[in-house]
Amino acid sequence: MKIYSISVILSPPSGQAVVLTRNCGRDDIFLSKTVAERTPQGQRQSVQENIYTAHVYNRGGTEQLAGVIITDQEYPVRPAFSLLTKVLDDFIAKVPQSSFSNPGSISFPEISTYVQKYQDPRQADPIMRVQQELDETKIVLHKTIESVLQRGENLDNLVERSGALSTQTKMFYKTAKKRNSCCVIM
């Protein structure tokens with residue numbers, strides 16, 4: 001699971017998309033712009049291209065922004081869209097809309113931090129993190145139950161042995177009593 005790039009794109013409904021900020025190469029720019037232009041406002045979609053998957057969230061609204069994250073095909077969808085929402089929220093909070101007309105002047109270094117930080121999708125998606133913790137807990141619980149069952153079987157064996165030993169002790173006592181009854185100690 002790997003993130004290759006994240007882009008924030010100005011995507012007006014009737015115009016050409018403009019990349020505002022990115023951390024990707026030339027090939028990723030074309031793919032990012034294309035999928036952003038073809039995604040209707042207010043929509044999310046995932047598009048596969050060769051070994052890549054482009055997850056797009058065209059937020060629309062007054063900002064007319066779209067976020068594109070390019071990942072490998074194994075990266076889960078929910079964390080990808082969760083990350084895009086975080087990136088777009090952070091971008092809107094830190095970059096004034098007046099600077100959208102001059103993309104060269106936009107500085108948004110946090111985008112590289114997001115790429116590094118969210119290589120592990122569990123960081124982007126709390127539900128996925130909780131699911132992993134549940135899976136780990138379930139494994140520990142299964143091992144504990146198995147060990148309790150094993151101990152129960154061992155206890156059953158001990159009870160059987162104890163019963164057999166008790167029966168043998170009674171038989172020994174009766175035999176010893178019979179043999180000692182003929183002899184009287186004075």
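Worth saying up front: this structure is predicted, and the values here are computed from it rather than measured.
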Roughly how far, to the nearest 0.5 Å, is the NE2 atom of His55 from the CD atom of Gln48? 8.5 Å
Just so I know, are the side chains of Ile9 and Val68 near enough to count as touching, which here means a heavy-atom distance under 4.5 Å? yes
Rounded to the nearest 0.5 Å, how far apart are CD1 of Ile6 and CZ of Phe91? 13.0 Å
Given 3.5 Å as the limit, does a donor-acceptor pair link the side chain of Thr167 with the main chain of Gly163, or not? yes
Could you tell me whether Asp90 and Lys94 have a side-chain N and a carboxylate O separated by less than 4.0 Å? yes
Is any side-chain heavy atom of Leu65 closer than 4.5 Å to a side-chain heavy atom of Ile92? yes
If you round to the nearest 0.5 Å, how far is CG of Leu83 from OH of Tyr57? 13.0 Å
In this structure, would Tyr173 and Leu165 fall into the same cluster of hydrophobic residues linked by side-chain contacts under 4.5 Å? no
Tell me whether Ile70 is reachable from Ile51 by hopping between hydrophobic residues (I, L, V, M, F, W, Y) whose side-chain heavy atoms are closer than 4.5 Å. yes
Are any of the side-chain heavy atoms of Asn58 and Gln43 separated by less than 4.5 Å? no
How far does NZ of Lys174 sit from OG1 of Thr169, to the nearest 0.5 angstrom? 12.0 Å
In Å, rounded to the nearest 0.5 Å, how long is the span from OG1 of Thr39 to CZ of Arg44? 12.0 Å
Using 0.5 Å steps for rounding, measure from the CD atom of Gln150 to the CD1 atom of Ile145. 14.5 Å
So Asp72 and Tyr4, do their side chains get closer than 4.5 Å, heavy atoms only? yes
Heavy-atom closest pair (Ser46 atom, Val77 atom, distance to 0.1 Å) is OG-CG1, 4.2 Å
Within the side chain of Ser166, is there an N or O that forms a donor-acceptor pair under 3.5 Å with the backbone of Ser162? no
Any non-hydrogen side-chain atom of Asp89 less than 4.5 Å from a side-chain atom of Thr85? yes
Taking all non-hydrogen atoms of both residues, which atom of Val56 and which atom of Phe81 are closest, and how far apart? O-CE2, 3.2 Å
Under a 4.5 Å cut-off applied to non-hydrogen side-chain atoms, are Glu136 and Val140 in contact? no
